[in-house]
Amino acid sequence: MNSIIDFQKMKKASQPISMVTCYDAWSAKILNTSDVDCILVGDSVAMVVHGEDSTINATSEMMATHVRAVRKGAPDKFIIGDMPFLSVRCGIEKAMSSVDQIMKAGANCVKIEEVDGHEEIIRHIIESGVPVMGHLGLTPQSVHQLGGYKVQGRDEQVSKEIFRKSKKLQELGAFALVLECIPLELGTIITKELKIPTIGIGAGVHTDGQVLVLQDLLGMNSQFKPHFLKTYLDGHTAFLESINLYNSEVKKRHFPTEKESYR
Ligand code: KIV
């Protein structure tokens, strides 16, 4: 996948789009050799890497730093860079400065949460030649407004709102849309009604693509077990056992051996 045109082609051909998050050069290097279609440098970096309680503490500088690292590790992948908290709510100058930093760091596009109230900014970013991916449903930057990390759109009114916003994002020119934690039925209807591809995380089986946080799918956090998550590795155990094995070999003077020594 090289450009936004490929997103459209894949939707037309009913080919599922795979996306994973990545925040650093070393794991980006592995992803660069993988078959995964695209990489999201999500603002979840604030939580996963920086240990913050929410994505509210992500900044443009933080996003640009991680996009730059990922681009170095994954020169061949399509990279989506997240616009951080309030970056599209403080006027066009702040928004464009954020876009500038993220794009110059190596992103191919930006992802923006929600749409109401920042339509003009989204339009301006797209007219400036920067592709925009939307993000609706559970939008973590609004965690305090939503009252927690909960499935969105279970009731009819919110469901209709998410549907309306998805249409609006398409009209504004977004090239794709992330749908996070919404009922399968809503994910299916939006995917059917929109011409642009939908990429789901906890949005059911019928979205055009799927995204997961890399550390989640690798099972690095044994305490994080949301309903939508499937882990493909017990990364926490593998990591811990390797570190403990190294530790015990050092203590027993089993490492290094002559094999790992210089003569
Ligand atoms: O920041 C992020 O990781 C995301 C995904 C959960 C879609 O936005």
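Indexing begins at 1, ligand by ligand and atom by atom, following the structure's order.
Interface of Thr21 with ligand 1, defined as ligand atoms under 4.0 Å from a residue heavy atom, comprises 3 (O).
Distance check, rounded to the nearest 0.5 Å: CG of Leu177 to CD1 of Ile162 gives 10.0 Å.
Using a 4.0 Å cut-off between heavy atoms, Asp82 contacts ligand 1 through its side chain alone, with no backbone atom that close.
Between Tyr23 and ligand 1, a contact under 3.5 Å exists for no N or O pair. Considering backbone and side-chain atoms alike, Lys111 places an N or O below 3.5 Å from some N or O of ligand 1. The shortest N or O to N or O distance between Ser44 and ligand 1 is under 3.5 Å.
Remark: Glu156 engages Lys160 in a salt bridge, criterion side-chain N to carboxylate O under 4.0 Å. The pair Asp37-Lys77 does not meet the salt-bridge criterion, since no charged nitrogen lies less than 4.0 angstrom from a carboxylate oxygen. Glu161 has a carboxylate O that lies under 4.0 Å from a charged side-chain N of Arg164, or vice versa, which qualifies the two as a salt bridge.
For atom 4 (C) of ligand 1, the nearest protein heavy atom (residue, atom name, distance) is Leu40 CD2, 3.5 Å.
Assignment of Glu113 to the shell around ligand 1 is not supported, since no heavy atom sits closer than 4.0 Å.
Aromatic ring centres of His124 and His118: separated by at least 6.0 Å.
In the model, Asp43 has a side-chain atom that pairs as donor or acceptor with a side-chain atom of Gln141 under 3.5 Å.
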